[in-house]
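Throughout, a chain's letter reflects where its sequence line sits, starting with A, and its residues are numbered from 1.
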There are 2 protein chains.
Amino acid sequence: MPRWDPEGESRLREAALQLFLERGYENVTVAEITERAGLTRRTFSRYFADKRDVLFAGSDELPAVIGDRIRTADAALAPMEAVLAALDAVAERLADQAAIAARRQAVVRASPELQERALTKFAVATDAAADALRSRGVPASTATLLAQVAIAIFRTAFERWLNAPAEVSLRDRVRESAAELSSSFGSQPS
Amino acid sequence: MPRWDPEGESRLREAALQLFLERGYENVTVAEITERAGLTRRTFSRYFADKRDVLFAGSDELPAVIGDRIRTADAALAPMEAVLAALDAVAERLADQAAIAARRQAVVRASPELQERALTKFAVATDAAADALRSRGVPASTATLLAQVAIAIFRTAFERWLNAPAEVSLRDRVRESAAELSSSFGSQPS
DNA sequence: GCCGTGATGTCTCAATGTGACATCACGCTA
DNA sequence: TAGCGTGATGTCACATTGAGACATCACGGC
């Protein structure tokens, strides 16, 4: 491959992650990323919609996984049960990604712009879950509510897991968070 | 005021909302907004951090309201109860804003870029609620979880309310959504 | 051995966000 | 009443981004 390596996209992702870690997202220019990757600014735009997207490529499969699992879950399961089962599936997919996830999260945490994009990624997953719930017969706005709550549970679990990946599995963190929320509704003094 | 009316900011907001409704967010340029408002592009940047912000100005007080209410809620209330009480307060603040909110939501719904910013605004409210919960002694990650769920409840309630503002009050929609979620946890077959 | 296809480069432009500095109106003060 | 400082606005310039139009080059199939 004289003119270009076949890994243009992954080289761009890696170069971007490196530069972001070195100098911070806002202090890195697209031209610098492509320069390090040996490509051109125009080429960057062909792989990624915008500068932020270079960090989130690959996270587009999780929403599909969530939707599938919810749809194919045992029909006897209550909606929330089906959602939690789907989160288990996602947790297994991410089980070996702790290292990469931590590196990326460090970058995201330092940049409001990237946090904003991360929220849209969560929103895409939320929409996928909500759609799947509706196909199980859950009313539209109820489905959205449950989906949002599910993603909230997962985000909490994911964060706890990243803080100590070796101690408790992501899967167990999901169950822990769900149980915690459930008990917040159950024990209501007054 | 010969050279400039004192209402520069509000004129910009109104001009922007009009133009967005007329031609869609992406097809409107900052220069056009300022032109309609009788100002300059540079002045726009002094009022709003970026083009999206012109739609969300004024929504910065709600997080403070939420935080205050959670902090000042009866100390005997369970965390989730305190949060729901705070949502009641926000609901009352917005009770008479249905018309404006609907107009703005129409614009946001049509633009992914604006939806992204809307998510950030929700995130700010979430953070405020989480901080307040922590000051009540709720563990950090539990506080974040409950705050996210609270905002999810509110978003659901808000959407239902906008669909029929005259039928059920926003406050009652909040309670309705909360009860719905609670029962999703309560009735778990198998 | 040629050629189409696809990935990449080059050139160009509109739009955005921002820094530096000028300008103008207003209120205060002597 | 004149002058002055302050704050809001305008003017100019620049770096960066995202995208269209077109050229270029390598590879695989015929």
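D/dA15 atom P lies 19 Å from atom CD of A/E26, rounded to whole Å. Residue A/R52 contributes atom CZ, which lies 14 Å from atom C1' of D/dT16 at whole-angstrom precision. In this structure, B/L12 places its CG atom 16 Å from C1' of C/dG17, rounding to the nearest Å. Atom-to-atom, CD1 of A/I33 to C1' of D/dT17 comes out at 12 Å; the value is rounded to the nearest Å. The nearest whole Å value for the distance from the CZ atom in A/R117 to the C1' atom in D/dG18 is 13 Å. If you measure from atom CZ of B/R42 to atom P of C/dT18, you get 8 Å, rounded to the nearest angstrom. Atoms CD (A/E113) and P (C/dT16) sit 15 Å apart, rounded to a whole Å. One interatomic measurement links the two molecules: CG of B/L39 to P of D/dG7, which rounds to 19 Å at whole-angstrom precision.
Taking side-chain N and O atoms only, B/Y47 has no distance below 4.0 Å to OP1 or OP2 of D/dA8. Side-chain N/O atoms of A/T43 include none lying less than 4.0 angstrom from OP1 or OP2 on C/dT8. Checking the phosphate oxygens (OP1, OP2) of D/dT17, a side-chain nitrogen or oxygen of A/T29 falls inside 4.0 Å. Contact annotation: B/S45 does not reach the phosphate of C/dT18 (side-chain N/O to OP1 or OP2, under 4.0 Å).
A donor-acceptor contact closer than 3.5 angstrom is absent between the side chains of B/R42 and B/T34.
Contact record, B/K51 with B/V28: NZ-O, 2.6 Å, taken as the closest heavy-atom pair. Closest heavy-atom contact between B/P63 and B/V124: CG-CG1, 3.7 Å. In plain terms, the two heavy atoms of A/F185 and B/S182 that are nearest each other are CD2-CB, 3.6 Å.
Comparing D/dG18, C/dT10, C/dG17 by their closest approach to the side chain of B/D50 singles out C/dG17.
Toward the 5' end of DNA chain D, the nearer of the two residues A/R46 and A/R41, judged by each one's closest nucleotide, is A/R41.
The local environment of CZ in B/R71 is crowded, with over 12 non-hydrogen atoms from other residues, nucleotides or ligands closer than 6.0 Å.
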